[in-house]
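Numbered from 1 within each chain, the chains take letters A, B, ... in sequence-line order.
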2 protein chains.
Amino acid sequence: MTTAKDDTIAVRISKVLAERIIAGALEPGSRLGQDHIAEEFGTSHVPVREAFRRLEAQGLVVSEPRRGVRVASFSLDEVREVAEMRAALEVLALRHAAPHLTKAILDQAEAVNRAGDKAGDVQAWEEANLLFHRLILKPCAMPRLLKAIDDLHTASARFLLAGWRSEWEAPTDRDHRAILDALRAGQVDAAATVLARHVQWVGKKPGKPSVPVLAKRA
Amino acid sequence: MTTAKDDTIAVRISKVLAERIIAGALEPGSRLGQDHIAEEFGTSHVPVREAFRRLEAQGLVVSEPRRGVRVASFSLDEVREVAEMRAALEVLALRHAAPHLTKAILDQAEAVNRAGDKAGDVQAWEEANLLFHRLILKPCAMPRLLKAIDDLHTASARFLLAGWRSEWEAPTDRDHRAILDALRAGQVDAAATVLARHVQWVGKKPGKPSVPVLAKRA
DNA sequence: AATCTTTAAATTATAGATAATTCTGCGCTG
DNA sequence: CAGCGCAGAATTATCTATAATTTAAAGATT
């Protein structure tokens, strides 16, 4: 999206690669050759290596010492793990954000939610979903927490996009609405409960992925 | 500790720097010149840069695009933030670990706890503390969660070591004992409650740091 | 005297080149 | 025929060198 011009080359490369991995353009387990990528971006391989370290930190690739990096594979267990972590952290964030939520923010969230309902493909829906969560959690003013949640969210998105690549119908998001209603009524506990269940929904619906989820050994 | 010989140079550098930052040998806000560090380790600056990216991911340094990296500063708010994140995630881990906790593990944890009570300095106590938490949480078998907890733990340790540099008396750790007792009795909820409060203890005791906590603007 | 501009020094970021390690395929041996 | 071991090729990791950017400091101008 925002290809910030003043970013360092390594950051730009990491962003592009991250998008590809999330979108499923790079299959889990596939190798990422540094020379190959360096050539594609018209750079040397040094910034490519730094981009790898970044992606590694986000959990999008795994790096073995002298054997290169490959796209991280995710088992169903790992998806559930991420979902549970998200649930725990998003509930925490919501509890801190709730006192600072204004009507304007909630209205904006509702608008985003409506946009998500009309989304034509998974990617658009996922984007709206991300925006919704960010909107209602950001006022917690805990940057480290928000970054952790963001990383977990991209991990979830990977799974989602891998599962519903082609067939997809926009589901009217009742959970989001329930969360908003509870927040408007000042019932933070109720909102948190729904949020926790909502986040784990991804991990619960197996959703017959059209792309093999497990890594294959070469 | 374990300076694995087969690690890449960048990893080794990042480990050494991490230890220094945690121990407080490098003050918050101080610049890390890549050339200086490269010279000290007898290497070029390229692996140093990769080490920086690793430390950045752990939240130990902050990196501004063309202005170098500096040791991350932590305000009291950030310490509380980390403590709350730890509480949320460790409770989650404990809930999953509890069913797989054996008597052998609990006995080992008790031994570690006793060792911690006898610790002469903060560093030794902190090490025992880390071991205790790792022991009872590891059986949850959620690697991503455990790594996240570990990173948060080092952030906490930084604060702890900055606060009690010289003056220190080993406190008999009642919380650890309470957690063990509850786990032995099969009362997972009780153990989780104590754990959550215990983790946030760090953030609550201000403990008059002997080193300025806030970053100073050069 | 204070501020803005310009210039120099220091430092970061990237490129190109070199050394070391792993992977692959083939031949040899049992 | 299976298994072990040895080149050759490919790839990773690091080093040296170059380009670009920022910090600072000195000089000029108002």
**Message:** Taking side chain to side chain contact (heavy atoms under 4.5 Å, CB included) as the definition, give me every residue that meets it alongside B/His100, ordered by chain and number, with sequence neighbours left out.
**Reply:** B/Pro139
**Item:** By ring pair (Phe, Tyr, Trp, His ring centres under 6.0 Å) - contacts of B/Phe132 (at least two apart)
**Value:**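 B/Phe132 satisfies ring pair (Phe, Tyr, Trp, His ring centres under 6.0 Å) with B/His176 once adjacent residues are dropped.
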**Residue pairs, two or more places apart or on separate chains, that pass salt bridge (charged side-chain N to carboxylate O under 4.0 Å, His left out) and touch residues 96-105 of chain A** = A/Lys103-A/Asp107
**Prompt:** Atom NE2 of A/His36 to atom P of D/dT11: distance rounded to whole Å?
**Reply:**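 Rounding to the nearest Å, NE2 of A/His36 and P of D/dT11 are 9 Å apart.
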**Prompt:** Rounded to the Å, how far apart are A/Asp35 CG and D/dA9 C1'?
**Reply:**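 My rounded result for the distance is 14 Å.
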**Annotated protein contacts, base or backbone, on nucleotides 14-21 of chain D with a non-hydrogen cut-off under 4.0 Å, one of B, S, - each** = BBBB---S
**Request:** Answer yes or no: does a side-chain N or O of A/Arg67 lie under 4.0 Å from OP1 or OP2 of D/dT12?
**Result:** no
**Prompt:** Among pairs that include at least one residue of residues 32-47 of chain B, which meet side chain to side chain donor-acceptor pair (under 3.5 Å), considering only residues two or more places apart or in two chains?
**Reply:** B/Arg20-B/Glu40, B/Gln34-B/Arg49
**Prompt:** Do B/Arg53 and B/Ser63 have side-chain N/O donor and acceptor atoms under 3.5 Å apart?
**Reply:** yes
**Check: B/Thr102 side chain, B/Ile105 main-chain N or O, donor-acceptor pair, under 3.5 Å** =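 Such a contact is found between B/Thr102 side chain and B/Ile105 backbone.
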**B/Val16 backbone acceptor or donor facing B/Glu19 side chain under 3.5 Å** =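 Looks like no, no N/O pair under 3.5 Å.
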**Asked** From the 5' end of DNA chain C to its 3' end, which nucleotides mark the outer limits of contact with chain A, defined by a 4.0 Å heavy-atom distance cut-off (strictly under)?
**Response** C/dA13 to C/dC23
**Request:** Check whether any side-chain heavy atom of B/His153 lies under 4.5 Å from a side-chain heavy atom of B/Arg134, and answer yes or no.
**Result:** no
